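Small disclaimer: the values here were computed from a predicted structure and weren't measured. These values consider heavy atoms only, across backbone and side chains, with no hydrogens, waters or symmetry-generated copies.
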Amino acid sequence: MSKETMLKIKFYIISILILLVLAVFIDIKLFDSNGAYLDLCELICCNWFSIISIVFIIMGFIFLLLQNHELNGAANPCCRITKIENVNYEFLTFLTTYIIPLICFDFDKTRYKIVFLILLIIIGIVFVKMNLYVANPILAIMGYRLYKVSVDKKKDNKDILVISRSELFNNDSIDWIKLDDTCWYVKRRSNDCSGNKIKNK
């Protein structure tokens, strides 16, 4: 599996964190019908879905904490933004199309939990292949921004979609990792591509 594909999968897991947290909140059971605490075996049997979700939640937060370090060793040449458009409004599409319907599942029934997990896998595969994972409001909540930009060192001069935790402006210099031909993960540099200090905007 390529580094770019792994990065996409990490972004997808990050993007569904809040959905998984809500699912655990709805599903988790700590007491039996008499109000007594469940023993360990019962706890595992009754909460298998929540345990799987919690594992992915932990993975997602680890990915989130380590994500910026991916750019520290970026070997790609520095680029300068020549045109920029904020497209954060695209985050709303995912919220209304996927998040709200999925959280309405009946988590009291095992088959619905299985269907929920299968749907997350299918949606993840589609989103990774089609780069739709970037249009996710959870990324916005986590502090990510979505831009459509042109850069000076791209041969075909086509606009690319970029994900960044830095606020970007025209003429900013960026470090970047290519997710694919149309999408990059970027960070604003404190120095321009020539090494000169950039004034704060």
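- Of the inter-residue distances, the one linking Ile122 atom CD1 with Leu117 atom CG reads 11.0 Å to the nearest 0.5 angstrom.
- Of the possible polar contacts, none joining the Ser166 side chain to the Leu168 backbone as a donor-acceptor pair under 3.5 Å is found.
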Legend entry - Worked check of side chain to side chain contact (heavy atoms under 4.5 Å, CB included) between Arg189 and Cys78: CA-CA 9 Å; Arg189 291 170 59 102; Cys78 168; 3.4 Å; yes
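- When side chains are defined from C-beta on, Lys113 counts as touching Asp27, because their heavy atoms get closer than 4.5 Å.
- In this structure, the side chains of Thr110 and Trp48 come closer than 4.5 Å at one or more pairs of heavy atoms.
- With respect to the salt-bridge test (charged N to carboxylate O, under 4.0 angstrom), the residues Arg80 and Asp172 do not qualify.
- Contact of the Val149 side chain with the Leu161 side chain is not registered, since no non-hydrogen atoms from C-beta on lie closer than 4.5 Å.
- In the displayed structure, Lys29 atom NZ is contacted under 6.0 Å by more than 12 heavy atoms of other residues, nucleotides or ligands.
- In this structure Cys46 satisfies the side chain to side chain contact (heavy atoms under 4.5 Å, CB included) test together with Leu38, sequence neighbours excluded.
- No side-chain heavy atom of Ile160 sits less than 4.5 Å from a side-chain heavy atom of Cys183.
- Note that CG of Leu17 is 11.0 Å distant from OG of Ser53, once rounded to the nearest 0.5 Å.
- If you chain together hydrophobic residues whose side chains sit under 4.5 Å apart, Phe61 and Tyr12 fall into the same group.
- Considering only heavy atoms from C-beta on, Leu146 comes within 4.5 Å of Ile163 through its side chain.
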Inset, instruction - Using the side chain to side chain contact (heavy atoms under 4.5 Å, CB included) rule, take Glu167 and Arg145 through it: C-alpha gap first, then chi angles, then the decisive distance, then the call. - result: CA-CA 7 Å; Glu167 187 174 6; Arg145 296 176 172 88; 3.9 Å; yes
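- Between Ile174 and Val151, the closest side-chain pair of non-hydrogen atoms falls below 4.5 Å.
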Legend entry - Pair Leu43-Ile51, side chain to side chain contact (heavy atoms under 4.5 Å, CB included): steps then yes or no: CA-CA 10 Å; Leu43 198 64; Ile51 291 170; over 6 Å; no
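- One hydrophobic cluster, built from ILVMFWY side chains closer than 4.5 Å, cannot hold both Ile125 and Ile123; they sit in different ones.
- Leu40 and Phe49 are not part of a single hydrophobic cluster, where members link through side-chain heavy atoms under 4.5 Å apart.
- Shown here are the side chain to side chain contact (heavy atoms under 4.5 Å, CB included) partners of Phe25, two or more places apart in sequence or in another chain: there are none.
- Separating the CG atom in Asn170 from the CD atom in Glu85 is a distance of 12.5 Å, to the nearest 0.5 Å.
- Note that the CD1 atom of Ile9 and the CD1 atom of Ile14 stand 12.0 Å from one another [nearest 0.5 Å].
- Screening Val55, Leu20, Ile28, Ile57 against Ser50 for a side-chain contact (heavy atoms from CB on, under 4.5 Å) leaves a single residue, Ile28.
- Once rounded to the nearest 0.5 Å, the distance linking CD1 of Ile16 with CG of Leu22 reads 12.0 Å.
- At a threshold of 4.5 Å between side-chain heavy atoms, the hydrophobic network of Ile, Leu, Val, Met, Phe, Trp and Tyr places Ile58 and Ile13 in one connected group.
- Note: the hydrophobic cluster containing Ile118 also contains Ile26 (ILVMFWY, side chain heavy atoms under 4.5 Å, direct or indirect links).
- Residues Asp175 and Lys187 are not paired through a salt bridge, judged by the lack of any N-O separation under 4.0 Å between the basic side chain and the carboxylate.
- Atom-to-atom distance recorded for Lys10:NZ and Tyr185:OH is 10.5 Å, nearest 0.5 angstrom.
- The shortest heavy-atom contact between Pro77 and Trp176 is O-NE1, 2.7 Å.
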Legend entry - Test side chain to side chain contact (heavy atoms under 4.5 Å, CB included) applied to Asp159 and Lys83, step by step: CA-CA 9 Å; Asp159 289 349; Lys83 185 178 72 172; 3.5 Å; yes
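- The aromatic ring centres of Tyr112 and Phe107 sit 6.0 Å or more apart.
- Side chains of Phe11 and Tyr144 form a contact here, defined as non-hydrogen atoms less than 4.5 Å apart.
- Remark: Tyr147 engages no residue in a ring pair (Phe, Tyr, Trp, His ring centres under 6.0 Å) (not counting sequence neighbours).
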